[in-house]
Amino acid sequence: MRALVKTAPGPGLELVEVPEPVCGPGQVKLRVLRAGLCGTDLHLEAWDDWAASTVRAPLTIGHEFYGEVVEVGADVTGVAVGDRASGEGHIVCGNCRNCRAGRRHVCINTVGLGVNTNGAFADYVVIPATNLWRQPEAIDPDLGAIFDPLGNATHTALQWPVVGEDVLITGAGPIGVMAAAIVRHAGAKHVVVSDLSDYRLGLAKAAGADLCVNVGSTRIADAQRDLGMREGFDIGLEMSGAPSAVTEMLANLNHGAKVAMLGLPKDPYPIDWGRVITHMITIKGIYGREMFETWYLMSSMLASSSVLADAIRSVITHRFAAQDWAQAFATARSGECGKVILDWS
Ligand code: NAD
Ligand code: ZN
């Protein structure tokens, strides 16, 4: 089969022929139809310090995907050949304290599909059957391919109740844009999104943000004034990984505000802890998706709201055939895009 592989340590990837993965007991094998490009894949291609310290080549990368079940391993129930499905990319151990308590998203032994084990940028992928999320037959395959980042957005956006609340989202990457659509759907009062890219802020606006702020030229305090806000944002969703975005967020929160942090910073950075303490701000780190409550909520929200489904689909701006992967990576790296999809069908 075809697979996009890190064949040796160092920058670059190769589309090569490799043996099909074997479907063992408790596993399912899928024919990949669509796959989404994530920032992680760009890091792996570029071979930065994180990639070099994490990956053992050869490795098939890719973890956002949608496909069709072609084989069901021994001891697997509730899945049939022909089922359409997405997959959770975090493979958990099932044995640690958190797993056994049902808190699989905080497993201490998480293995990343397409990072620590062969992934989904290939004609076929094998995953534990417990990682499968069956999808309705009618789902748009492109939408099915972005349930992983949609799950990051959902997990973060619904971390705190947002009904009637003023929400600030820092970062209008694909995940920030989807989070804007979700908090809008969930009943937020004002939804403000910041970024440094007008292109990306345009995507956030189209997905339902009330106000988009280019922090290269405008302060979030000005946005508050424009909206007639007097006390600061109640909820902050950090989706940029930029230290300056966190500083700007903290400066614009109400006392008692709640912050969910998804964006991954490159390095440790200082924070105004005095402000956090005296304003009694709650800050919570968010990793991955809750297995499988986040998945349930994604499916049920999309099934009940065509407005939300359209807003989420609008984040997909580019589609490439798998053999044009290099162009897809260049597009994703340019930042002049939302979500980029690879078509493996
Ligand atoms: P992305 O890199 O496409 O988007 C980040 C956006 O932040 C970019 O559009 C960038 O222009 C913007 N930005 C940069 N500096 C900013 C600033 N000072 N203020 C406001 N915006 C600024 O990433 P994405 O795929 O949308 O993911 C969002 C973040 O979440 C990334 O940091 C990613 O690494 C992280 N992430 C975390 C998890 C997790 O499980 N915690 C999972 C997936 C992604
Ligand atoms: Zn575990």
Side-chain angles (χ1 to χ4, degrees), residues 36-44 48 50 63-64 88-112 114-115 128 130 146-157 159 168-180 192-204 207 212-220 223 236-252 260-267 269 284-291 294 315-317 331-340:
L37 237 81
C38 165
T40 301
D41 304 315
L42 301 182
H43 291 296
L44 293 172
D48 58 13
W50 169 79
H63 57 275
E64 302 178 358
E88 164 60 55
H90 286 178
I91 299 168
V92 299
C93 75
N95 294 317
C96 72
R97 175 188 176 173
N98 285 322
C99 279
R100 297 198 64 177
R103 300 183 293 262
R104 289 181 276 188
H105 58 295
V106 278
C107 171
I108 60 166
N109 300 308
T110 302
V111 168
V115 176
T130 46
I146 61 168
F147 262 55
D148 173 299
L150 175 58
N152 296 134
T154 303
H155 189 185
T156 314
Q159 196 56 228
L168 173 63
I169 301 172
T170 47
I175 299 178
V177 172
M178 290 192 280
V192 174
V193 181
S194 71
D195 204 292
L196 293 161
S197 154
D198 286 331
Y199 177 93
R200 292 199 144 182
L201 290 170
L203 295 178
C212 292
V213 183
N214 190 322
V215 282
S217 54
T218 310
R219 303 304 302 268
I220 290 173
L237 308 178
E238 206 308 288
M239 305 201 146
S240 73
S244 60
V246 177
T247 304
E248 182 79 346
M249 177 180 278
L250 287 176
N252 284 279
M261 307 274 298
L262 183 88
L264 283 162
K266 211 162 118 323
D267 299 301
Y269 60 92
K284 183 172 179 185
I286 306 292
Y287 187 56
R289 300 140 296 275
E290 276 194 39
M291 295 165 227
T294 303
V315 82
I316 301 170
T317 55
T331 302
R333 207 177 285 290
S334 76
E336 290 282 294
C337 62
K339 202 76 203 169
V340 177

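Just so you know, ligand 1 is whichever comes first in the structure, and atom 1 is the first atom listed for that ligand. Numbering of residues begins at 1 and proceeds along the displayed sequence.
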ask   = Taking only residues two or more places apart in sequence or in another chain, which ones pass salt bridge (charged side-chain N to carboxylate O under 4.0 Å, His left out) with Glu238?
value =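 Per chain and number, Glu238 pairs via salt bridge (charged side-chain N to carboxylate O under 4.0 Å, His left out) with no residue.
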
Report the nearest protein non-hydrogen atom to [atom]: residue, atom name, distance rounded to 0.1 Å.
atom	result
atom 4 (O) of ligand 1	Gly173 CA, 3.3 Å
atom 36 (N) of ligand 1	Leu262 O, 3.8 Å
atom 22 (C) of ligand 1	Ser240 CB, 3.6 Å
atom 20 (C) of ligand 1	Ser194 OG, 3.5 Å
atom 27 (O) of ligand 1	Ile175 CD1, 3.5 Å
atom 17 (C) of ligand 1	Ala245 CB, 3.7 Å
atom 28 (C) of ligand 1	Met239 O, 3.1 Å
atom 1 (P) of ligand 1	Arg200 NH1, 3.7 Å

Might you point out which heavy atoms bring [X] and [Y] nearest each other, and give the distance in Å?
X	Y	answer
Leu37	Lys339	O-NZ, 2.9 Å
Met178	Ala153	CB-CB, 3.8 Å
Val193	Ala180	CG2-CB, 3.9 Å
Asn109	Cys93	ND2-SG, 3.4 Å
Met249	Leu168	CE-O, 3.8 Å
Ile286	Thr156	CG2-OG1, 3.7 Å

query = If hydrogens are left out, which of Ala153, Gly288, Ala179, Pro243 has an atom nearest to atom 40 (O) of ligand 1, that is, the closest non-hydrogen atom?
reply =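 Answer by nearest heavy atom: Gly288.
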
ask   = Nearest non-hydrogen atom to atom 14 (C) of ligand 1 belongs to which of Leu203, Leu196, Thr170?
value =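 Comparing heavy atoms across Leu203, Leu196, Thr170, the nearest one to atom 14 (C) of ligand 1 lies in Leu196.
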
task = Without swapping roles, check the side chain of Thr247 against the backbone of Pro243 for a donor-acceptor pair under 3.5 Å.
result = yes

Output yes when the distance from some N or O of ligand 1 to some N or O of [X] is under 3.5 Å, and no in every other case.
X	result
Leu264	yes
Ala242	no
Val215	no
Ser244	yes
Asp195	yes

If you define the side chain from C-beta out and look only at heavy atoms, does anything of [X] sit under 4.5 Å from [Y]?
X	Y	answer
Arg200	Cys337	yes
Asn214	Leu196	yes
Glu88	Arg289	yes
Tyr199	Thr317	yes
Cys107	His90	no

task = Identify the residue among Leu150, Thr40, Asp148 that makes a side chain to side chain contact (heavy atoms under 4.5 Å, CB included) with Glu64.
result =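 Going through Leu150, Thr40, Asp148 one by one, the side chain to side chain contact (heavy atoms under 4.5 Å, CB included) with Glu64 is satisfied by Asp148 alone.
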
query = Can you list the residues that meet the side-chain hydrogen bond (donor to acceptor under 3.5 Å, both in side chains) rule with His43, with sequence neighbours excluded?
reply =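 With neighbours one apart ignored, the set is Asp48.
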
inquiry  = List the residues meeting side-chain hydrogen bond (donor to acceptor under 3.5 Å, both in side chains) with Asp41, not counting sequence neighbours, and say none if there are none.
reply    =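 side-chain hydrogen bond (donor to acceptor under 3.5 Å, both in side chains) check on Asp41 returns nothing, list empty.
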
Quick one: which ligand 1 atoms are inside 4.0 Å of a heavy atom on [X]?
X	value
Asn152	40 (O), 42 (C), 43 (C)
Gly171	7 (O), 20 (C), 21 (N)
Gly263	29 (C), 30 (O), 32 (O), 35 (C)

message = Under 4.0 Å from atom 7 (O) of ligand 1, is there at least one protein heavy atom?
response =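 At least one protein heavy atom is under 4.0 Å away.
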
inquiry  = One residue to check: Ile286. Relative to ligand 1, which of side chain, backbone, both or neither has a non-hydrogen atom less than 4.0 Å away?
reply    = backbone

request  = Could you tally the protein N/O/S atoms lying less than 2.8 Å away from the Zn ion (ligand 2)?
outcome  =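 Under the 2.8 Å cut-off, the count stands at 4.
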
